[in-house]
Amino acid sequence: MAKYVFGVDIGGTTVKLGFFSTEGELLDKWEITTRKDEGGAYILSDIAASIEEKLSKDGIDKTDIQGVGMGVPGPVKEDGTVLKCVNLGWGVINAAQELSDLIGLPVKAGNDANMAALGEYWQGGGKGYENVVMVTLGTGVGGGIIINGKMLAGVNGAGGEIGHMTIDLDEQDVCNCGKKGCLEQYASATGIVRLANRALQTSDKPSTLREVKYISAKEIFDAAKSGDNLATELIEEFGKRLGLALANIACVVDPEVFVIGGGVSKAGDILIDATQKYFKEYAFHACRNTKFELATLGNDAGMYGGAASIL
């Protein structure tokens with residue numbers, strides 16, 4: 001019986017690797033640089049070399065390894081084919097098969113946000129639930145959906161791309177995806193800063209944010225916690241947009257819990273309270289009592305999800 005499994009989370013700057021027992025204990029973790037030269041041609045071979053080095057150093061045989069689960073920042077089909085990944089320079093490649101050929105172990109690949117959701121479902125904020133929607137609020141908005149304990153990837157690997165739900169038909173600014181009015185334009189770190197800069201230009205309301213040269217999402221939440229009226233209005237707008245989106249998701253998925261993660265989630269109760277208030281207002285009556293939890297695994301969630309995808 002295999003004793004161990006690897007979880008890998010490929011980011012634009014670093015690749016995080018985790019070494020787990022098959023019981024779910026994280027035994028070791030480390031990072032390597034994401035080499036994006038020549039269209040990301042070295043990323044998979046660098047991962048393979050790092051895993052080989054770990055096995056060699058610890059004297060572990062490959063027969064003791066159940067496999068390698070890998071999160072990729074882009075859409076990934078069920079067979080491990082990545083359908084273009086701009087952040088890594090990849091076109092269409094079967095990343096799972098290529099890494100498996102390099103390392104001689106079974107490999108599964110999935111979208112990084114889906115993997116993070118799987119990690120939180122397995123050992124984090126979603127533990128104990130079978131139907132979970134993970135929402136990652138960072139530079140953008142990511143998502144992952146777990147139904148009856150299984151990850152919903154979709155035909156094109158785009159299941160859970162909740163950041164690109166259209167929630168405002170009147171928006172004129174263009175999202176990074178090329179559309180207009182995406183959730184990501186309001187409920188991400190960059191989104192709320194965009195709203196703040198817009199409000200400061202179009203309103204003459206007094207605010208401590210006017211004294212800040214480079215506004216961040218954290219400063220907006222901190223200002224709201226200190227009673228700044230303009231910042232409080234921005235948090236309300238943030239919660240309204242996110243609450244509306246999650247109410248629509250609940251109509252389709254009807255999860256037991258929304259797990260909120262990503263850097264913006266560090267704002268804590270003020271974010272959850274604003275979102276939950278509007279969620280209850282907009283949700284179908286049967287879904288109104290859906291629970292909200294904060295994610296607990298932080299930046300390790302993707303590694304945990306990778307391991308869980310194998311197990």
Exercise for the section: Could you tell me whether the side chain of Glu184 and the main chain of Gly140 form a donor-acceptor pair under 3.5 Å? Expected result: no
Handout entry: Within 6.0 Å of CD in Glu78, more than 12 heavy atoms from elsewhere
Key = no
Handout entry: Heavy-atom side-chain proximity of Ile10 to Asp112 below 4.5 angstrom
Key = no
Handout entry: Evaluation steps, side-chain contact (heavy atoms from CB on, under 4.5 Å), between Leu311 and Phe20
Key = CA-CA 11 Å; Leu311 297 173; Phe20 295 82; 6.0 Å; no
Fill in the blank from the handout: Minimal heavy-atom distance between Trp122 and Ala307, with the atoms involved, is CZ3-CB, 4.0 Å
Fill in the blank from the handout: Output for pair (Met303 CE, Leu297 CG), nearest 0.5 Å, gives 9.0 Å
Practice task
Examine distances only and state if a side-chain atom of Asn131 and a backbone atom of Asn148 form a donor-acceptor pair shorter than 3.5 Å.
Solution key: yes
Practice task
Answer yes or no: are there more than 12 heavy-atom neighbours, outside Lys266 itself, under 6.0 Å from its atom NZ?
Solution key: no
Problem - Asn229 side chain near Lys205 side chain, heavy-atom distance below 4.5 Å - result: no
Exercise for the section: Taking atom types as modelled, find out whether Ser226 and Asp228 have a side-chain donor-acceptor pair closer than 3.5 angstrom. Expected result: no
Problem - Phe19/Phe6 aromatic ring centres below 6.0 Å - result: yes
Problem - Residues Arg194 and Glu171 bridged, charged N to O under 4.0 Å - result: yes
Practice task
Dump the intermediate steps for side-chain hydrogen bond (donor to acceptor under 3.5 Å, both in side chains) on Glu236 and Tyr278, then the final yes or no.
Solution key: CA-CA 9 Å; Glu236 285 290 302; Tyr278 286 104; 2.8 Å; yes
Practice task
Give a yes or no on whether Lys62 atom NZ has more than 12 heavy-atom contacts from other residues, nucleotides or ligands under 6.0 Å away.
Solution key: yes
Exercise for the section: Evaluate the criterion side-chain hydrogen bond (donor to acceptor under 3.5 Å, both in side chains) for residue pair Asp101 and Gln97; output intermediate values, then yes/no. Expected result: CA-CA 6 Å; Asp101 291 343; Gln97 189 59 57; 2.9 Å; yes
Completion exercise
Grouping ILVMFWY residues whenever side-chain heavy atoms fall under 4.5 Å, the cluster of Val92 otherwise contains Leu83
Could you list the donor-acceptor pairs under 3.5 angstrom formed by side chains in residues 40-50, with sequence neighbours left out?
residue: Tyr42; atom: OH; partner: Glu38; partner atom: OE1; Å: 3.2
residue: Tyr42; atom: OH; partner: Glu38; partner atom: OE2; Å: 2.7
residue: Ser45; atom: OG; partner: Tyr42; partner atom: O; Å: 3.0
residue: Asp46; atom: OD1; partner: Arg35; partner atom: NH2; Å: 3.0
residue: Asp46; atom: OD2; partner: Arg35; partner atom: NE; Å: 2.8
residue: Ser50; atom: OG; partner: Trp30; partner atom: NE1; Å: 2.7

